[in-house]
Amino acid sequence: MIEFFRLKTIPEVLEITRRFMPLKVELIPLAKAYNRVLAESITALEDVPEFSRSTMDGYAVRAQDTFGASPGSPALLEVVGEVGMGEEPRVPLGPGQAQRLATGGMLPMDADAVVMLEYTQELADRTLEVYRTVAPLENVVQRGEDVPAGTTLLHTGVRLRPQDIGLLAALGVIEVKVYQKPRVAIIASGDEITSIDVPLQMGQMRDANSYALAGQVAAMGGEPQLLGIVPDRLELLIEKMAVGLAETDLVLLSGGSSVGTRDLAIAAIRSFPQAEVLVHGVAISPGKPTILARIGSQPIFGLPGHPVSAMVIMEVMVRPLLTCLAGESQVRKDWGRTIKAVLSRNLASTIGREDFIRVRLCPAGGNMWAEPVLGKSGLISTMVKADGWIRIPLNTEGLEKGEEVEVILF
Ligand SMILES: Nc1nc2c(c(=O)[nH]1)N[C@H]1C(S)=C(S)[C@@H](COP(=O)(O)OP(=O)(O)OC[C@H]3O[C@@H](n4cnc5c(N)ncnc54)[C@H](O)[C@@H]3O)O[C@H]1N2
Ligand code: MOO
């Protein structure tokens with residue numbers, strides 16, 4: 001009998017993915033930093049804002065001058081000028097005085113509150129009637145209230161979201177140190193696989209995987225490079241892999257990862273002098289015939305040819321590896337966004353492997369139902385019909401209709 005692989009569990013594979021080191025660091029302009037991973041912690045060198053400012057259009061006042069004010073008995077203040085936007089007020093605020101200012105304007109010295117325009121009336125002789133009491137600090141953002149100097153809000157390993165970039169801009173950061181974006185080579189293989197731009201002959205299949213995988217790589221923050229399709233010839237596969245290894249940080253082989261006579265991935269990997277096969281076969285369905293190897297320090301995945309299997313492995317194993325290469329420290333709790341739902345039917349599972357079942361979400365009768373989308377792992381349409389998947393853990397015989405399940409959305 002053909003020697004079959006010794007299956008590794010998902011946690012065992014994940015432990016192996018964590019051994020790969022982050023890529024090099026580069027300096028990039030802040031405007032290009034969205035979705036990149038910080039390779040430095042950023043400490044505020046100055047207070048944000050650097051001065052106390054108004055959050056409303058109105059008048060800067062001393063709060064105590066307004067105490068007890070009401071429409072029937074307004075406080076009377078003297079308007080002594082106006083604060084220009086983006087300017088430092090020329091004079092401090094004396095007792096019984098008010099200065100006009102707009103939202104975002106700097107408070108004059110000794111002012112501690114702002115009364116909104118609509119609670120005032122300015123008379124011809126510059127007397128201001130104030131119809132409401134304002135408390136100290138009302139309608140004011142104090143100096144350093146957003147970010148006090150010396151605080152570190154963004155740490156090495158954070159993937160930058162739009163708000164993080166906004167904060168960096170507010171701190172005056174022009175360029176940031178980030179980890180290089182992982183470049184990922186995608187090589188499709190199989191005599192029957194053809195390029196999408198040539199007419200299909202009977203017995204052939206279009207290369208769906210390269211495109212689906214490229215989409216996943218991009219969504220995971222990597223830079224996909226499609227290297228095309230290689231027929232089932234060892235020397236051609238080795239040649240293409242050498243290109244991938246030279247030009248990228250991670251090579252993904254699609255197809256040929258099982259143990260059939262034309263499954264060349266393992267032989268191609270082993271042909272490289274510094275190759276070490278770390279995983280061949282995982283206790284997962286779909287996706288069992290998966291390979292993870294390293295050639296020198298570079299990782300290489302052999303993904304099963306069936307499109308659904310390849311996409312599952314991408315999410316479950318390639319994503320964590322990319323996280324490592326990208327220097328991302330906050331490993332996501334889930335493999336994507338999740339939502340709780342109720343299972344619409346019984347699902348059987350085999351002990352000793354973790355199952356990933358595609359499901360469609362159907363709101364009905366006040367519940368969110370997870371309805372399994374059944375079908376073989378060669379059917380890409382099942383992924384299109386599904387909204388996400390649920391996991392059936394390793395040593396579980398199945399799930400029952402009505403059970404609450406967690407759907408990992410994709
Ligand atoms: N005797 C056994 N046979 C198989 C086993 C097994 O345990 N014993 N495992 C099965 C499982 S599970 C899977 S998954 C597949 C994976 O095999 P390979 O990784 O070697 O993939 P291929 O044989 O090359 O392809 C499988 C299937 O996928 C189609 N394919 C391949 N590449 C693409 C592409 N780029 N775009 C679209 N479709 C693609 C290919 O035509 C095949 O139909 O092995 C089982 N066999
Ligand atoms: O494990 Mo295969 O990937 O079931 O289809």
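The first residue in the sequence is number 1, and the count goes up from there. What you see below is based on every heavy atom in this structure, not just the backbone, and it leaves out hydrogens, waters and symmetry mates. As the structure lists them, so they are numbered: ligands from 1, and atoms in each ligand from 1.
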A.B. asks: If hydrogens are left out, which of Ala212, Ser258, Ala265 has an atom nearest to atom 4 (C) of ligand 1, that is, the closest non-hydrogen atom?
C.D. replies: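 Residue with the shortest heavy-atom distance to the ligand atom: Ser258.
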A.B. asks: Asn209 versus ligand 1: do any nitrogen or oxygen atoms come within less than 3.5 Å of each other?
C.D. replies: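 Between Asn209 and ligand 1 (N or O atoms, distance only) the closest approach is under 3.5 Å.
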A.B. asks: Find all atoms of ligand 1 within a distance of less than 4.0 Å from any non-hydrogen atom belonging to Asp263, and give their numbers and elements.
C.D. replies: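 Matching atoms, with element in brackets: 20 (O), 23 (O).
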A.B. asks: Just going by heavy-atom distances, which of Ala310, Pro307, Gly305, Ser309 is nearest to atom 3 (O) of ligand 2?
C.D. replies: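 Selected option, by shortest heavy-atom distance: Ser309.
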A.B. asks: Using a 4.0 Å cutoff against the non-hydrogen atoms of Gly256, which atoms of ligand 1 qualify?
C.D. replies: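 Counting atoms of ligand 1 from 1, those under 4.0 Å from Gly256 are 18 (P), 19 (O), 20 (O), 21 (O), 22 (P), 24 (O).
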A.B. asks: Quick one: does Ala208 get a heavy atom under 4.0 Å from ligand 1?
C.D. replies: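 Within the 4.0 Å threshold, so yes.
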A.B. asks: Does any non-hydrogen side-chain atom of Val259 lie less than 4.5 Å from one of His280?
C.D. replies: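 Result yes, sub-4.5 Å side-chain heavy-atom pair found.
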A.B. asks: In plain terms, say whether Arg100 and Glu122 are close enough for a salt bridge, that is, a side-chain N and a carboxylate O under 4.0 Å apart.
C.D. replies: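 Counted as a salt bridge, because a side-chain N and a carboxylate O are separated by less than 4.0 Å.
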A.B. asks: Would you say Ile284 and Met317 make side-chain contact, with heavy atoms under 4.5 Å?
C.D. replies: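 They are in side-chain contact.
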A.B. asks: Decide yes or no for Asp146 and Val141: does some side-chain heavy atom of the first lie under 4.5 Å from some side-chain heavy atom of the second?
C.D. replies: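 Answer no - side chains too far apart.
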A.B. asks: What is the nearest protein non-hydrogen atom to atom 1 (O) of ligand 2, stated with its residue, atom name and distance?
C.D. replies: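 Going atom by atom, the protein heavy atom closest to atom 1 (O) of ligand 2 ends up being Gly287 N, 2.6 Å.
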A.B. asks: So is Lys288 polar-close to ligand 2, meaning N/O to N/O under 3.5 Å?
C.D. replies: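 Yes, there is a polar N/O contact under 3.5 Å.
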A.B. asks: Do the non-hydrogen side-chain atoms of Val25 and Lys177 ever get within less than 4.5 Å of each other?
C.D. replies: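 The answer is yes; the side chains approach within 4.5 Å.
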A.B. asks: Within ligand 1, which atoms have a heavy atom of Ser309 less than 4.0 Å away?
C.D. replies: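 Result: 14 (S).
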A.B. asks: Hey, is Asp47 close enough to Arg143 for a salt bridge, meaning N to O under 4.0 Å?
C.D. replies: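 Looking at Arg143 together with Asp47, the answer is yes, because their closest N to O distance falls below 4.0 Å.
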A.B. asks: Tell me the contacting part of Asp207 for ligand 1: side chain, backbone, both, or neither, using a 4.0 Å heavy-atom threshold, strictly below.
C.D. replies: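 It is both backbone and side chain that touch ligand 1.
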A.B. asks: Which atom pair, heavy atoms only, marks the closest approach of Leu361 to Pro363?
C.D. replies: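 That closest heavy-atom pairing would be O-CD, 4.0 Å.
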A.B. asks: Using a strict cut-off of 4.0 Å, indicate which atoms of ligand 2 neighbour a heavy atom of His306.
C.D. replies: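 Every atom of ligand 2 under 4.0 Å from some heavy atom of His306: 5 (O).
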A.B. asks: If you look at every heavy atom in Pro89 and Pro108, which pair is closest and at what distance?
C.D. replies: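 Heavy-atom minimum between the residues: CG-CA, 3.5 Å.
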A.B. asks: Can you tell me if Pro289 has a non-hydrogen atom under 4.0 Å from ligand 2?
C.D. replies: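 Within the 4.0 Å threshold, so yes.
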A.B. asks: Do any heavy atoms of Ser254 fall under 4.0 Å from ligand 1?
C.D. replies: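 Yes, Ser254 has heavy atoms under 4.0 Å from ligand 1.
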A.B. asks: How does Arg206 reach ligand 1, if at all, at less than 4.0 Å between non-hydrogen atoms: by side chain, backbone, both, or neither?
C.D. replies: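 It is the backbone that gets close, since no side chain atom is under 4.0 Å.
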A.B. asks: Can you confirm whether Lys340 sits close enough to Val407 that some side-chain heavy atom of one is under 4.5 Å from a side-chain heavy atom of the other?
C.D. replies: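 No; the side chains remain at least 4.5 Å from each other.
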A.B. asks: Counting heavy atoms only, which of Ser189, Gly287, Gly203, Ser257 is nearest atom 19 (O) of ligand 1?
C.D. replies: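 Answer by nearest heavy atom: Ser257.
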A.B. asks: Taking the non-hydrogen atoms of Pro289, is any one of them nearer than 4.0 angstrom to ligand 1?
C.D. replies: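 Contact check Pro289 vs ligand 1: positive.
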A.B. asks: Taking only Lys NZ, Arg NE, NH1 and NH2, and the carboxylate oxygens of Asp or Glu, determine whether Arg233 and Glu239 approach each other closer than 4.0 Å.
C.D. replies: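 A salt bridge is absent here (no side-chain N lies under 4.0 Å from a carboxylate O).
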A.B. asks: Heavy-atom distance under 4.5 Å between the side chains of Val176 and Leu38, does that happen here?
C.D. replies: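 Yes, their side chains come closer than 4.5 Å.
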A.B. asks: Kindly identify the option in Pro307, Gly305, Pro286 whose heavy atom sits closest to atom 25 (O) of ligand 1.
C.D. replies: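 It is Gly305 whose heavy atom sits nearest to atom 25 (O) of ligand 1.
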A.B. asks: So which bit of Lys288 gets within less than 4.0 Å of ligand 1, heavy atoms only: side chain, backbone, both or neither?
C.D. replies: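 The part of Lys288 near ligand 1 is the side chain, not the backbone.
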A.B. asks: Please confirm whether Glu192 comes within less than 3.5 Å of ligand 1 when only nitrogen or oxygen atoms on both sides are compared.
C.D. replies: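 For ligand 1, there is an N or O atom that lies under 3.5 Å from one belonging to Glu192.
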A.B. asks: For atom 5 (O) of ligand 2, which protein heavy atom lies nearest, and how many Å away is it?
C.D. replies: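 Result for atom 5 (O) of ligand 2: Ser377 OG, 2.3 Å.
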A.B. asks: State, yes or no, whether a side-chain contact exists between Glu15 and Glu12 at a heavy-atom distance under 4.5 Å.
C.D. replies: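 Answer no - side chains too far apart.
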